[in-house]
2 protein chains.
Amino acid sequence: MPKRVDHAERRARIAEALVRVAARRGLHAVGMRDVAAEAGVSLRLVQYYFETKEKLLLFGLERLAQGFGERVAARVRAAGDSPGPRAVVEALLMAALPTDEESRTFHQLYTSYAVLSLNDPALAAQPFIRNPDAAEDAVTELLRQAQAADLLRPGLDARREAVGLLALSAGLGTSILVGQRTPQYATEVLHSHLDRIFRTHGNGTPASGTPDPVNPMVPGMP
Amino acid sequence: MPKRVDHAERRARIAEALVRVAARRGLHAVGMRDVAAEAGVSLRLVQYYFETKEKLLLFGLERLAQGFGERVAARVRAAGDSPGPRAVVEALLMAALPTDEESRTFHQLYTSYAVLSLNDPALAAQPFIRNPDAAEDAVTELLRQAQAADLLRPGLDARREAVGLLALSAGLGTSILVGQRTPQYATEVLHSHLDRIFRTHGNGTPASGTPDPVNPMVPGMP
DNA sequence: GGTTTCGTGATACGAACGTATCACGATGTT
DNA sequence: AACATCGTGATACGTTCGTATCACGAAACC
């Protein structure tokens, strides 16, 4: 029965189970046994492929971040063959909003990890830091390109605008997550902010004041 | 020894201990025994005044939110006798940034509670929802007043701008918390956004491009 | 073909947690 | 003065958790 087995694939399978159960019951509530059951393997196996719980969690975080990066890249790619800077920035920021179940899970778990990292040196040392900085640099660079092409309102500080955009996107993402905002309304807010940064070519966002019905996607929230 | 004792005062004392130990080790890591030790009482007493851990946590959350509300109110009051809408909005948003140890603790724990509430119906039912909505309404109303006094750039949707401001502030707060941003830089970003909403009377925020050295306030973060 | 290594299950262990129980002294009431 | 109630300590209970141990069958290697 015990053939030679692909370790990387096993680890991936188990990490996926971790993410699923964490999304369902909260990261704080997942135990080794839960992950094992979700993955359909024995507790021993989880111990075997990840010696300790901490290593499992770190691997899960890596996977999560990697999946997110891929999703962002796909969205940017879908923005067209040679999209303008605004289209790319927009795709990037929109990909950061928890609009579907997958990105919802990402947001929830990423926030959980971030909170844990505040009191856990091992997590704080993780590339939690690098990724946001990379996003900031990318958006800054895009805004600089837009500036060079005279696509921006004059007098803007590219880096400051990039930081603002990312913070806005993160804040909107959180508010969607907790059911305070609908993805649609958050998108409107984001677009209207972009309209204030980029020169308008007459195609401003429709000013329709869509009301903000409570998010129907979040289960327990009125 | 056992005189008649003020229950409310005891509960407050214990809740403060909860907040302290939660800030130090993370909300997920606090146990009844930790709270008891921090408060300098026996485990039994914590059980006595709060029958269950859940009730203790809920009470701690209430206290936290209340303290935050008071701090915001104090900041707004400190904005002057009859401040303009912008000053009030600014005080409100600035109070929401984790600039000192106390507001840092608030942000950290509030975020922890928010994450927990995603998978815990008892927490989700808590006034987590009311408070942000109240803030949104307040800022919206202030912006409307500003509009009426012709203090805003024309063509803005007050509610949409309010939502954007609050999301921006929340996002900046989180980035300060994780050590990605300094309070100073976050403040700059916030001001520069306000400058784009309010009519400028010539006293725009100084355009000094202060660099963004890594946050020295966060211990474990480079 | 014998031996070593790998993959896997069953089970045990010690710690920590939330909660419950028992006892008892002090206080307030009548 | 007798009694009921309140505040408090010590300690126990049952669960759950992460981790460790033991055993064993199948493959890989020489």
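Order of the sequence lines sets the chain letters (A, B, ...), proteins ahead of strands, with each chain counted from 1.
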In whole angstroms, the gap separating C1' of D/dT16 from CG of A/L43 amounts to 12 Å
A/E161 with B/R196: basic N within carboxylate O range, under 4.0 Å = yes
Hey, does the side chain of B/Y48 come within less than 4.0 Å of D/dT8's phosphate (OP1/OP2), counting only N and O?
-> no
Are side-chain heavy atoms of B/T140 and B/V163 found at a separation under 4.5 Å?
-> no
Could one point to a donor on the side chain of A/R33 or the base of D/dG18 with an acceptor on the other under 3.5 Å away?
-> yes
Length of the CD-P vector between B/E51 and C/dA20, whole Å = 9 Å
d(CD, B/Q47; C1', D/dC13) in whole Å = 12 Å
Fit a plane to each ring of B/H193 and A/H193, take the angle between them on a 0 to 90° scale, and name the class: parallel (under 30°), tilted (30 to 60°) or perpendicular (over 60°).
-> parallel
Closer than 4.0 Å, any side-chain N/O of B/S42 to the OP1 or OP2 of D/dG9?
-> yes
B/K55 has an atom NZ; how far is it from atom P of C/dG18, in whole Å?
-> 16 Å
For A/V30, answer base if it contacts any base atom (sugar-phosphate contacts may also be present), sugar-phosphate if it contacts only those atoms, and nothing otherwise; contact means non-hydrogen atoms under 4.0 Å.
-> sugar-phosphate
Does a side-chain N or O from B/T52 land closer than 4.0 Å to OP1 or OP2 of C/dT19, or not?
-> yes
Per atom distances to the B/L45 side chain, the nearest of C/dT19, D/dG18, D/dG9 is D/dG9
Would you call A/R11 and A/E62 a salt bridge, taking side-chain N to carboxylate O under 4.0 Å as the test?
-> no
Atom-to-atom span, CZ of A/R25 to P of D/dC17 - whole angstrom = 9 Å
The answer to which of B/K53 and B/R44 contacts DNA chain C further toward the 5' end, by nearest nucleotide, is B/K53
Whole angstrom value for the distance that separates P of C/dG7 from CD1 of A/I14 | 12 Å
Rounded to the nearest angstrom, tell me the gap between atom CZ in B/R11 and atom P in D/dG7.
-> 13 Å
Between B/Y49 and D/dG7, is there a side-chain N or O to OP1/OP2 distance below 4.0 Å?
-> no
Heavy-atom neighbours of B/R13 CZ exceed 12 at 6.0 Å | no
Is B/H7 near enough to D/dG7 that one of its side-chain N or O atoms lies under 4.0 angstrom from OP1 or OP2?
-> yes
